[in-house]
Amino acid sequence: MKQLCTYAIVRFMPFSETQEFANVGILLVAPKTGYVSYKLAPKSFARITHFFDDLEGNIYRCAMSNFEQELIRVKEISSGFTGHKQVKIIEEVTRLREGIVSFSDMRALLHEDPQEALQELYERYIARNFITKQYREQQMVKALRQDLRKHISNVHYTKQKLHADYNVQVELPFVTKDCHVTKAIKPLSFSQDKPLSLIEHGEQWINRIKRLIKANSIKPHNMLFAIEKPKSKKDEMVNAFGEVKEEMESLDIRIALFEEKHKIFEFASDLDNGEFRLS
């Protein structure tokens, strides 16, 4: 017979200013039987340092080690209760908290075996979590970095932070300030499986670049989005992508498909004509 399980996803968010996080664990309870357990990603989780490529590895290891000690105490305390009392304890533990490791909102599901439910949730949210637009974009950045080094010799691009208004800094993987011209390239993957997720990802970067333009940190024609279209051919995904692309174009920035390397190389190497446009 299925029983109610409630769970929260453990999130690692080292840079609060970007609000970007990685799912690194699951805490699950089955109030009827008093079952409580957790499963965390390994402390030497290489994909974390790839995901946050400017993060020192020991920060993640130390944070997860300390957090696991908390979960051990939570398990010891809450396993002595069942029903509503146990739920209240877990709700208090998982409520909004400051720090680089935190929880999602509590969620619920029905399952015959809480231990199997924990493993299934871990597989869904953590083991496969990095096959996402963020992880894909890390792969795109690495591939493009190699291509630029191979094909572009007159300009040197590096990861840099550009200043926007309100003392906000926006980090971009490819920036050059050669010849007193600031140019930048940002690969973007639209591999999301829901229209809203696709739109939110696009608007996040549109708003960041809009702030940089407003602060005069970069000229619109010197900013390039190297985009990867959604693989889904569903109307809602195609239309959502079209809407995001129109918003990008309204900024008068440059856009090229990620596979159109010749256009990216042409943009990256040209520092003479400030009004360069991709054909």
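Numbering starts at 1 and runs along the sequence shown.
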So, for Tyr7 and Tyr122, is the gap between ring centers shorter than 6.0 Å?
-> no
Side-chain contact test, heavy atoms from C-beta onward, threshold under 4.5 Å: evaluate it for Phe67 versus Gln69 and give yes or no.
-> no
Separation between CG of Leu162 and CD1 of Ile213, rounded to the nearest 0.5 Å | 11.0 Å
Sub-3.5 Å donor-acceptor pair from the side chain of Gln160 to the main-chain atoms of Val175, do we have one?
-> yes
Kindly indicate whether a cation-pi arrangement holds for Lys183 with Phe267, taking the cut-offs as under 6.0 Å to the six-membered ring centre and within 45° of the axis.
-> yes
Arg107 meets the side chain to side chain donor-acceptor pair (under 3.5 Å) criterion, sequence neighbours left out, with Tyr125
Can you list every salt bridge (charged side-chain N to carboxylate O under 4.0 Å, His left out) pair that touches residues 219-228, not counting sequence neighbours?
-> Arg136-Glu228
In a table with atom names and distances, give each donor-acceptor pair under 3.5 Å that connects a side chain of residues 71-84 to protein atoms at least two apart or in another chain.
| from | atom 1 | to | atom 2 | distance (Å) |
| --- | --- | --- | --- | --- |
| Ser78 | OG | Val74 | O | 2.7 |
| Ser79 | OG | Lys75 | O | 2.8 |
| Ser79 | OG | Glu76 | O | 3.3 |

Please check if Leu188 and Ile206 belong to a single hydrophobic cluster, counting links between Ile, Leu, Val, Met, Phe, Trp and Tyr side chain heavy atoms closer than 4.5 Å.
-> yes
Applying salt bridge (Lys or Arg N to Asp or Glu O under 4.0 Å) to Asp193 and not counting sequence neighbours gives none
Can you name the salt bridge (Lys or Arg N to Asp or Glu O under 4.0 Å) partners of Glu92, sequence neighbours left out?
-> Arg95
Where is the tightest heavy-atom contact between Lys186 and Pro173, given as atom of each residue plus distance?
-> CD-CD, 4.0 Å
Report yes if the side chains of Leu257 and Ile227 come closer than 4.5 Å at any heavy-atom pair, otherwise no.
-> yes
Minimum side-chain heavy-atom gap Glu112-Lys2 below 4.5 Å | yes
Members other than Leu110 in its cluster, when Ile, Leu, Val, Met, Phe, Trp, Tyr link by side-chain heavy atoms under 4.5 Å?
-> Leu4
What's the spacing between Glu203 CD and Leu196 CG if we round to 0.5 Å?
-> 9.0 Å
Residue pair Gln204, Arg208: steps toward the side chain to side chain contact (heavy atoms under 4.5 Å, CB included) verdict | CA-CA 6 Å; Gln204 179 188 54; Arg208 288 179 179 181; 3.4 Å; yes
Can you measure from OG1 (Thr94) to CD1 (Ile9) and round to the nearest 0.5 angstrom?
-> 11.5 Å
Which atom of Ala63 lies closest to which atom of Ile100, heavy atoms considered | CB-CD1, 3.6 Å
Examine the side chains of Glu123 and Gln119 and answer whether a donor and an acceptor come within less than 3.5 Å of each other.
-> yes
More than 12 heavy atoms of other groups within 6.0 Å of Gln115 CD = no
Value for CE (Met106) from CG (Leu27), rounded to nearest 0.5 Å, stands at 6.5 Å
Closest non-hydrogen atom pair between Val155 and Ala268, with its separation = CG2-O, 3.7 Å
Any residue meeting side chain to side chain donor-acceptor pair (under 3.5 Å) with Asp165, in chain and number order, not counting sequence neighbours | Arg211
Side chain to side chain, Asn23 and Arg11, heavy atoms closer than 4.5 Å = yes
Do Glu91 and Lys88 come close enough that some side-chain heavy atom pair is under 4.5 Å?
-> yes
Do the side chains of Ile264 and Asp147 get nearer than 4.5 Å, heavy atoms only?
-> no
Nearest heavy atoms of Ile126 and Val24, plus distance in Å | CG1-C, 3.7 Å
What residues, two or more places apart in sequence or in another chain, satisfy ring-ring contact (aromatic ring centres under 6.0 Å, His included) together with Phe258?
-> none
Side-chain heavy-atom pair Met237, Phe241 within 4.5 angstrom cut-off = no
With Lys245 via salt bridge (Lys or Arg N to Asp or Glu O under 4.0 Å) - residues at least two apart = Glu249
Any chance you could measure Lys261, atom NZ, to Leu148, atom CG, to the nearest 0.5 Å?
-> 9.0 Å
May I have all residue pairs that pass ring pair (Phe, Tyr, Trp, His ring centres under 6.0 Å) and include part of residues 139-184, sequence neighbours excluded?
-> His151-Phe265
Flag if over 12 foreign heavy atoms under 6.0 Å of CG, Asn154 = yes
Side chain to side chain contact (heavy atoms under 4.5 Å, CB included) between Val10 and Val101: does it pass, once the steps are laid out?
-> CA-CA 7 Å; Val10 180; Val101 184; 3.6 Å; yes
Backbone N or O of Asp235 within a donor-acceptor pair of the Asn239 side chain at under 3.5 Å?
-> yes
Nearest 0.5 Å please: distance from the CD1 atom of Ile218 over to the CD1 atom of Ile253.
-> 9.5 Å
Can I get a per-line list of side-chain donor-acceptor pairs under 3.5 Å for residues 28-40, giving both atom names and the distance, sequence neighbours left out?
| from | atom 1 | to | atom 2 | distance (Å) |
| --- | --- | --- | --- | --- |
| Thr33 | OG1 | Ala30 | O | 3.4 |
| Thr33 | OG1 | Tyr35 | N | 3.4 |
| Tyr38 | OH | Glu68 | OE2 | 3.3 |

Are Phe190 and Val238 linked, directly or through other ILVMFWY residues, by side chains that come within less than 4.5 angstrom of each other?
-> no
Single-linkage hydrophobic cluster Val87~Ile90, side-chain heavy atoms < 4.5 angstrom | no
Minimum-distance pair of heavy atoms, taken over all atoms of Gln192 and Ser189 = NE2-O, 3.5 Å
Salt bridge (Lys or Arg N to Asp or Glu O under 4.0 Å) filter on Glu247, not counting sequence neighbours, yields none
Taking only Lys NZ, Arg NE, NH1 and NH2, and the carboxylate oxygens of Asp or Glu, determine whether Arg254 and Asp252 approach each other closer than 4.0 Å.
-> yes
Nearest heavy-atom pair of Tyr60 and Pro42: which atoms, and what distance?
-> OH-O, 3.0 Å
Does the side chain of Leu109 come within less than 4.5 Å of Leu121's, by heavy atoms?
-> yes
